[in-house]
Asks: 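Quick one: this structure, given as structure tokens, is what I'll be asking you about.
Here the structure is a predicted model, which means the values were calculated and not measured.
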Amino acid sequence: MSSPTLAILHPGAMGAAVGACLRGLGHRVLWTSEGRSEATRRRADTAGLEDCGSLQALVESADIILSICPPHGALALAHEVAALGFKGIYVDANAISPDTARDVAQAVSSAAGFVDGGIVGQPPKAAGSTRLYLCGGQAAAVAALFEGSALQAIAIDGPPGSASALKVCYAAWSKGATALLANIRALARHEGVEQALLDEWQLSSTPTVKRSAEVAAKADKAWRWVAEMEEIAASFAAAGLPSGFHEGAADIYRRLDQFKDAPSAPDIDTVLDQLQASTNGKTQTKR
């Protein structure tokens, strides 16, 4: 694939970092400021992305579009791009279920090709820290665009939905475990045994002590992970497996959505107290 024009929709922290990887390799990378925030504009400018002004202009100019947005918006964005007549390769790299990925593929079926993707890791800065798994007929060609960048792109075998399935399984543990441990700690605090539990973990499962506090450092992302947990729950349900745990994880992250865009990470005490507040505004009474 020689010198295609690429586009990122929409450059949040992850999308901007992916775009910066491509720009660092000399690729032309577009985005659109239409309807986006000033914070998004700053990220795009820092990454060196080229503003097309409107989604229509982007669709007309791009050979390959990479969709990297909150999971709840992935399908609607695909329909919007398709309605504007996009004829290139559409790469969905969102944290969505295999079924949603297949729905996205159907939505953009008039495009030249669809590539299903799943990102594992933080926004790429150093080589080896983040991987983009891809599947579909053009997966190898898209992966080749990232060669030499901080983002390792890996084409895997399988039909659309396979890369999303891999991402779902990975996040079901990594983000699911963060929610579970936070909830356990909140329960221990409610029952007055939090310190005793931490002491026992220190004796029998030392890494768990630190892991149980990770939710505080990640609280600003909790709003985004609600839909991701719901997509994971739907994946389990579609496979005939119990889905309740990740439905609960979605509720845990939903209770922390007030920390979105917080200037600094809350401490673990603040997070645990917030978890004990119910979603209808009533505070649970401690014993």
Asks: Distance-only, no hydrogens or angles: does the Thr32 side chain make a donor-acceptor pair with backbone N or O of Gly53 under 3.5 Å?
Replies: yes
Asks: Look at the side chain of Arg131 and the backbone N and O of Gln152, then say whether any donor-acceptor pair between them is shorter than 3.5 Å.
Replies: no
Asks: Salt bridge check: are Asp45 and Arg42 linked by an N-O gap of less than 4.0 Å?
Replies: no
Asks: Would you say Ser129's side chain and Pro124's backbone share a donor-acceptor pair under 3.5 angstrom?
Replies: no
Asks: Can you tell if the side chain of Leu197 reaches within under 4.5 Å of the side chain of Ile184, non-hydrogen atoms only?
Replies: yes
Asks: Does the ring of Trp173 carry Arg211 above it, NZ/CZ under 6.0 angstrom from centre and within 45° of its axis?
Replies: yes
Asks: Mark yes or no for whether Arg189, through its side chain, and Val193, through its backbone, hold a donor-acceptor pair below 3.5 Å.
Replies: no
Asks: Would Lys218 and Trp225 satisfy side-chain contact (heavy atoms from CB on, under 4.5 Å), going step by step from the backbone distance to the final call?
Replies: CA-CA 10 Å; Lys218 299 175 179 178; Trp225 292 353; 3.6 Å; yes
Asks: Do Thr270 and Asp273 have a side chain donor and acceptor closer than 3.5 Å?
Replies: no
Asks: In terms of heavy-atom contacts, does CD of Gln106 have more than 12 from other residues, nucleotides or ligands at under 6.0 Å?
Replies: no
Asks: Would you indicate whether the side-chain heavy atoms of Asp257 and Val226 approach each other to under 4.5 Å?
Replies: no
Asks: Keeping the roles fixed (side chain from Ser205, backbone from Trp201), state whether a donor-acceptor pair exists under 3.5 Å.
Replies: no
Asks: Can you check whether Ala163's main-chain N or O pairs, donor with acceptor, with Asp116's side chain at less than 3.5 Å?
Replies: yes
Asks: Under 3.5 Å, is there a donor on one side chain and an acceptor on the other for Arg43 and Thr40?
Replies: yes
Asks: Tell me every residue that passes ring pair (Phe, Tyr, Trp, His ring centres under 6.0 Å) with His10, counting only those two or more places apart in sequence or in another chain.
Replies: none
